[in-house]
Structures are given as C-alpha cells and as structure tokens.
Protein chains: 2
Amino acid sequence: MVRLMPRPGAASAEAGNVSIAAVARQAGVSVATVSRVLNGQAVVKAETRDKVMAAVEVLGYRMNHLARNLRTAASRLLLTMVPDVGNPFYAEIVRGIDSVARQHGYFVLLCDTGADPGRERSYFDLLRTRRADGAICLDPDTVQHALAEESASLPWVACCEFDPAVPVPYVGIDNRAAAAEAVNHLLAQGHRDIALINSDERFLYARQRRQGYRDALADAGLRLHPEWQLTVQSLDFAAGAAAAAQLMALPEPPTAIFAVSDTLAIGVLRGLRDVGRRVPDDVAVIGFDDIAIAAQIDPPLTTILQPMRELGETAARLLLQRLAEPGAVVPGMLLPHRLIRRASG
Amino acid sequence: MVRLMPRPGAASAEAGNVSIAAVARQAGVSVATVSRVLNGQAVVKAETRDKVMAAVEVLGYRMNHLARNLRTAASRLLLTMVPDVGNPFYAEIVRGIDSVARQHGYFVLLCDTGADPGRERSYFDLLRTRRADGAICLDPDTVQHALAEESASLPWVACCEFDPAVPVPYVGIDNRAAAAEAVNHLLAQGHRDIALINSDERFLYARQRRQGYRDALADAGLRLHPEWQLTVQSLDFAAGAAAAAQLMALPEPPTAIFAVSDTLAIGVLRGLRDVGRRVPDDVAVIGFDDIAIAAQIDPPLTTILQPMRELGETAARLLLQRLAEPGAVVPGMLLPHRLIRRASG
DNA sequence: ACCATGAATGTAATCGATTACATCGTGTAT
DNA sequence: ATACACGATGTAATCGATTACATTCATGGT
C-alpha cells in the first residue's frame, strides 16, 4: 500500500483544513448527504440536515471552493480589464460592475492592463484556463481586435470600447454625437476657433469624438485648423496642461477647447492659468465624462456626462446573461449621454 | 461499470478543454512526464521534452489552474480589501500592490468593502477557503480588530490602518506627527483659529490625526474649540463642502482649516468659494495625502504627502514575505510623510 | 401478503492536476 | 559476469468537492 502523501501547502493544523469528509464523519452520514445539505437542492430529512449543520458548526467547516470549482468548472470570478484603475472614470465603472457582480454571487478580479496588449493577453489566459468565468474588457478596441479573433468563443463583453465588426456584446455611448454636441455648445456661445485635445487614437472613442468634432465644425461651415487638433498620449493632468500651453503658444490661439476627458480638461484649466488666460473669459473649456471632481473645481467644468455607473452595471449584466445562455444573440447597447453646463464654457 | 459522467459546466467542444492526459496520449508518454516537463523541475530527456512540447502546441493545451491549485493548495491570488476603490488615494495604493504582485506572478483580487464589516468578513472567507493565498486589508482598524481575533493565523497584512496590539504585519505612516506638522505649518503662518475636519473615527488615522492636531495646538499654548472640530461620515467632496459651510456659519469662524484628506479639502475649497471666502486670504486650507489632483486645482492645495505607491508596494512585499516564511517575525513599518507647500495655506 | 413506488441516503467515479514510489534500462565498479 | 547505482519514465494515490447510479426501507395499492 502506498502511504499517504502530505499536502505541500497546508502545513499547519489550524481551522480551515476541515473537509467535507470530516463533517460527514462527525455527523455520521455520507459525504453525498453533506454536499446535498450544503447545496440545499436535493431532499434531505430535516433531522439529518440538522445533524450535518451541527457538525459544520462544531468543526468550523468552510467549503474549499477550489475543489468545488474544479468539479463544476466554474470559478465565480469575473475578470475586469481596464487601461488604468487610477482614472476616476474607470473607477466608477468598476464600481458599477462590482455591485452587479456581487449581487449575483460573483467576485471581481480587477486587472490594470495599461492598455498593453501583452498584459491583456496574459489576463485573458485566466479566462482560457477557466480561472475566471467571464471577462469585461475596457481596453482600446484596437487591442480587443487582436484578441477577438482567437477568443471569439470565450465569454466576454466589451465596455465603452468595442469593435462593431466583432461579434461580442458591448455597451457604450454614441461618442460621435456626444462630441458634436459639445462642440455645438461651444459654437452656440459664439466661439469659432475651437481646439480639440484628443487622446490616443488607438481608442475607438478618440476616433469617434474626433469625427464628432469635425462634423460639428463642418456643419457650421467652419474649416478645420490642423494645428488646433492635438493628440496626447495619456489622460493625466500634465498632458492636458502641456497641450493647453502648446495651443496658447500658437500665433492664432483658439478661444475654446474641447478636451475628450475631464482629467485632460482639468489639466487644461491648470495650463491656461499658468499662462495667464482666464476661463471662460479668454478661453472656454469643455470636458468629457463628468467625473465627480468636475463639479468641484474652480471654475466648475462644463462637460458631457457619461453614465459611468450604468455602463458598468450594464456590462456586468450583459456578461451574466451571456454566461447564463451561451448561445444567445449578442446585443450592442448605447446608453444616453448628457451635456452638463457649468461655468468653464 | 459506472458509465462516464459528463461535466456540467464545460459543454462545448472548443479548445481549452484539453487536459494533461490528452497531451500525454498525444505525446505517447505518461501524465507524470508531461507534468514534469510543464513544471521544469525534474529531469526529463531533451527528446521527450520536445515530444511533449510539440503535443502541447498541437493541442493548444493550457493548464487548468483550478486543478493545480487544488493539489498545491495555492491560488496565486492576492486579496486586496479597500474601503472605496473610487478614492484616488486608495487607487494609487492598489497600483503599488498590483505592480509588486504581478512581478511575483500573483493576480490581485480587488474588493471594495465600503468599510462594512459584513462585506469584509465575506471577503475574508476567500482566504479561509484558500481561494486566495493572502490578503491586504486597508479597512478601519476597528473592523480589522474583530477579524483579527478569529483570523490571527491567516496570511494577511494591514496597510495604512492597523491595530498595533494585533500581531499582524503592517505598513503605514506616523499620522500623529504628520497631522501635528500640518497644524504647525498653519501656526507658522500666524493662524491661531484652526479648525479640523476629521473623518469617521472608526479609522485609526482619524484618531491619530486628531491627536496630532490637539498636540500641536496644546504645544502652541492654544485652547481647543470644540465647535472647530468636525467629523464627517464620508470622504467625498460634498462632505468637505458642507463642513466648510458649517464652520463659516459659526459666530467665530476659524481662519484656517486642516482637512484629513485631500478629497475633503477640495470640497472645503468649493464650500468656501460658495460662501464667498477667498483662499488663502480669508481662510487657509491644508489637506492630506497629496493625490494627483491636489497640485492641479486653483488654488493648488497645500498638503501632507503620503507615499501611496510605496505603501502599496511595501504591503505587497510584506505579504509575499509572510507567505514565503510563515513563521517569521511580524514587522510593523512606518514610511515617511512630507509637507507639500502650495498656495492654499 | 406481495410488489411497485418513491423518499432518503450511500457508494464511488470524476474533475485535472502533482508527486511519492515503483519500475526499467544502462553504464560502471568489483 | 554480477551487482549496484542512477537516470528516465510510468503507476496510481491524492487534493475536496459534485453527482450519477445503487441501495435501503417504509408505504400504499391491489
């Protein structure tokens, strides 16, 4: 007879090492019965149930989910891939995802990809190897694209960013229309010289918002000034400040600036202040997202509200739906945005 | 003979269902050999190794980590419990944790507890049931306290918040000294009427910073005005704004305000602006944390810098250390803070 | 009185890995 | 030539759950 092999990891003898077999022994029943009681599906006599529950109590038993998951091939973990956890926009979406996930008994595995395809791929492997049941991806559609081909059958959904050509459920907003609305608002204030501070065009939203900006100007019969269209590589404050400084250094500086994210816009405000321009008197500024801080700063930021919480909640629900019925149709949803007028423009 | 039972979860026949046994069959070797190749520890002939690797390639095999983790009793998941993911202070700490964890091949399971003991307990169960290898807790020391008794032997560390009486490794800063430094700075500017906007005193840092505030005033020979010491229930902007309004409505309003977090301080700035007070001319404001936005707003916020990134990195390293050698001594570490002078006070 | 019925519980196969121990060759010391 | 050591690989126990099928026993219909 081969002797027992000690388990490498769990050395100590503290609680938590109690298995279902120990409970069965203590209660004087079989493991199957214990499992039935614990999962509460099958019929078990009340008396037996009580014995089992008592044994659970006495031993301080807690289920080993690894074992359960191995057998049921489910981890009850939802992967969430975001380009940047520190960005308040994403943080709020993550909250929405988290709340829906928890309501349904799932935990969220939050991964910061830095919009890096390599990291994203390694996280996706968690899905392939079933360490996670499903995934929500907020990364640039361009990096999704590469993955989509090899992972079309995996249970994941896209949030904010998506490639309409890829058959994956998604939720987002109409970025083109929203951007046009922002620019139209500036036009309505009498501005004609409107700059765009756009982010990395690997992002779908960046390309769509640029289009909205161009459409709005074209509709107003205005020509595009290439030097008023800037692209920055990150969404942080410094990038916005630098872009603002660059615009103000132009021979013909714009009188209004549309920044595609509130973080950029806040940086813009700072950059304008640094070069002595007043907002909104000298230059009007409009942002995008309506993160919480936007209403707090001086001057309060005019912006386009994205329903961040709902975006997250919807993405989670879409994913849960897809997990429940794998064969179902894949809806793509657009949520409404809204212009929030404040003092900055 | 009992016939094969189909697995409930994995119904479809796509890739990812390839097991080590299938690889062994394909390569014409045993599962043990495949495992040895995959883990690269034991001696395997180069020729055999190649056969196995080829089979892995052909079948598109990916390891099922659930199975491996069940056997090795490790999940390579690190739990991180924070009171609020949306708070930029915590977001930056999480980044620090994440970077160290990933460097060591761990994934981070981020959990938003809302400082709620019930939720925290349910997350802690992930540890008990070995779904996570270790945990980092940023929740109030008061909620840690309850858990610590029943979980003293579990592998977790405390970050920012900790109960010195509980034998758990921790990393934080000297909140009392930092708060005293903030108040001393205000005193050095000539302020005598200094208010404190403190957060929920379930948090250790809140109690320690209050102490620092009191010590500094006492050392300066000033008496404490109870009506200048406010406690708010959340760290959001609105709470800060409301508190500022309340202070300014006093018959004897203070000339300086120390808020225990930058988010509160930003709210304070807004609240003061709303009631027509100028910063720093009428009222000086100092915050705490030095989150990124603090330098961007107008006026830029004077504050106490906490090394957020390092706090997270250190917490992760402490945890990894504890996992590596369970019996080791439990260090408690305090990281340096620093006063950042800007325009607000 | 007998058997079908079904409720309650037990037995053991199974998920997919790791790994202790067994086994099988082959080269080398005696 | 025999024995022994060692390198390479195979066999099967094991982690802790779920669950298909078997078994047991009481009840009710005829």
Side-chain angles (χ1 to χ4, degrees), chain A residues 1-11 16-25 27-52 55-56 59 61-76 128-131, chain B residues 1-11 16-25 27-52 55-56 59 61-76 128-131:
Chain A
M1 185 63 104
V2 175
R3 80 167 155 80
L4 288 190
M5 284 182 290
R7 201 167 77 208
N17 295 333
V18 185
S19 75
I20 199 174
V23 174
R25 214 173 308 122
V29 300
S30 74
V31 291
T33 300
V34 175
S35 176
R36 280 189 275 255
V37 169
L38 263 28
N39 292 296
Q41 340 128 316
V43 273
V44 178
K45 219 197 297 182
E47 183 191 342
T48 313
R49 178 186 312 275
D50 293 345
K51 273 195 302 188
V52 171
V56 165
L59 298 176
Y61 167 79
R62 324 218 73 135
M63 162 128 54
N64 180 325
H65 284 260
L66 284 176
R68 180 218 275 258
N69 294 341
L70 172 59
R71 183 60 230 237
T72 61
S75 61
R76 298 206 79 82
R128 294 204 186 83
T129 62
R130 312 211 66 107
R131 294 228 281 162
Chain B
M1 184 64 104
V2 176
R3 81 168 154 82
L4 289 190
M5 285 183 290
R7 199 168 80 210
N17 295 334
V18 186
S19 75
I20 198 173
V23 174
R25 213 174 309 123
V29 300
S30 74
V31 291
T33 299
V34 175
S35 176
R36 280 189 274 255
V37 170
L38 262 28
N39 292 295
Q41 338 129 319
V43 274
V44 178
K45 222 200 294 182
E47 181 192 346
T48 312
R49 178 185 312 274
D50 293 345
K51 271 195 303 188
V52 170
V56 165
L59 299 176
Y61 167 78
R62 322 221 73 137
M63 162 129 54
N64 179 325
H65 285 260
L66 284 176
R68 179 219 276 260
N69 294 341
L70 172 60
R71 183 59 228 236
T72 60
S75 61
R76 296 206 80 81
R128 293 204 187 83
T129 61
R130 311 212 67 107
R131 294 228 280 163

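Only this structure's heavy atoms are used, side chains among them; waters, hydrogens and symmetry mates stay out. Throughout, a chain's letter reflects where its sequence line sits, starting with A, and its residues are numbered from 1.
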Legend entry - Reported CZ-to-NZ distance for the pair B/Arg49 and B/Lys45, which is rounded to 0.5 angstrom: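 Nearest 0.5 Å value for the CZ-NZ distance: 12.5 Å.
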
Legend entry - Gap between atom CG of B/Leu59 and atom CD1 of B/Ile20 - 0.5 Å precision: 12.0 Å

Whole angstrom is fine here: how far is it from [atom1] in [X] over to [atom2] in [N]?
X       : N      : atom1 : atom2 : answer
A/Leu66 : C/dT14 : CG    : C1'   : 17 Å
B/His65 : C/dG16 : NE2   : P     : 14 Å
B/Arg25 : C/dA17 : CZ    : P     : 12 Å
B/Asn64 : D/dC15 : CG    : C1'   : 13 Å
B/Arg62 : C/dG16 : CZ    : P     : 16 Å
B/Asp50 : D/dA8  : CG    : P     : 14 Å
B/Arg71 : D/dA12 : CZ    : P     : 16 Å
B/Lys51 : D/dA8  : NZ    : P     : 14 Å

Legend entry - Student check: side-chain heavy atoms of A/Met63 and A/His65 closer than 4.5 Å: yes

Inset, instruction - Examine the base of D/dT18 for any acceptor or donor lying under 3.5 Å from a partner atom in the side chain of A/Arg68, and report the outcome as yes or no. - result: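 In this structure, the two groups form no donor-acceptor pair.
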
Inset, instruction - Looking at every strand, decide which applies to B/Asn39 at a 4.0 Å heavy-atom threshold: base, sugar-phosphate, or nothing. - result: sugar-phosphate

Legend entry - Terminal axis angle for the helix from C/dA1-D/dT30 to C/dT30-D/dA1, five pairs an end, nearest 10 degrees: 60°

Inset, instruction - Ignoring the backbone of B/Ser35, work out which of C/dG16, D/dT19, C/dT18 is nearest its side chain. - result: C/dT18

Name the pairs: protein N/O against N/O of nucleotides 7-11 of chain C, kept only if under 3.5 Å.
residue: C/dT9; atom: OP1; partner: A/Thr48; partner atom: OG1; Å: 2.2
residue: C/dT9; atom: OP2; partner: A/Lys45; partner atom: N; Å: 2.9
residue: C/dG10; atom: OP2; partner: A/Ser30; partner atom: N; Å: 2.8
residue: C/dG10; atom: OP2; partner: A/Ser30; partner atom: OG; Å: 3.0
residue: C/dG10; atom: OP2; partner: A/Thr33; partner atom: OG1; Å: 2.7
residue: C/dG10; atom: N7; partner: A/Arg36; partner atom: NH2; Å: 2.8
residue: C/dG10; atom: O6; partner: A/Arg36; partner atom: NH1; Å: 3.4

Inset, instruction - Could you please spell out the steps behind the side chain to side chain contact (heavy atoms under 4.5 Å, CB included) verdict for A/Asn69 and B/Arg131? - result: CA-CA 10 Å; A/Asn69 294 341; B/Arg131 294 228 280 163; 3.5 Å; yes

Inset, instruction - Could you tell me whether the side chain of A/Arg68 and the main chain of A/Ser75 form a donor-acceptor pair under 3.5 Å? - result: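 A pair under 3.5 Å: no.
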
Inset, instruction - For A/Val56 and A/Val18, run side chain to side chain contact (heavy atoms under 4.5 Å, CB included): C-alpha distance rounded to whole Å, both residues' side-chain angles, the deciding distance at 0.1 Å, then the answer. - result: CA-CA 9 Å; A/Val56 165; A/Val18 185; over 6 Å; no

Legend entry - Contacts of type side chain to side chain donor-acceptor pair (under 3.5 Å), residue A/Thr48, not counting sequence neighbours: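 Residues passing side chain to side chain donor-acceptor pair (under 3.5 Å) with A/Thr48: none at all.
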
Using atom types as modelled, flag every donor-acceptor pair under 3.5 Å from a side chain in residues 28-35 of chain A to any protein atom, sequence neighbours excluded.
residue: A/Ser30; atom: OG; partner: A/Ala32; partner atom: N; Å: 3.4
residue: A/Ser30; atom: OG; partner: A/Thr33; partner atom: N; Å: 3.3
residue: A/Ser30; atom: OG; partner: A/Thr33; partner atom: OG1; Å: 3.3
residue: A/Ser35; atom: OG; partner: A/Asn39; partner atom: ND2; Å: 3.3

Write out a two-atom table: protein N or O, nucleotide N or O from nucleotides 23-26 of chain D, distance below 3.5 Å.
none

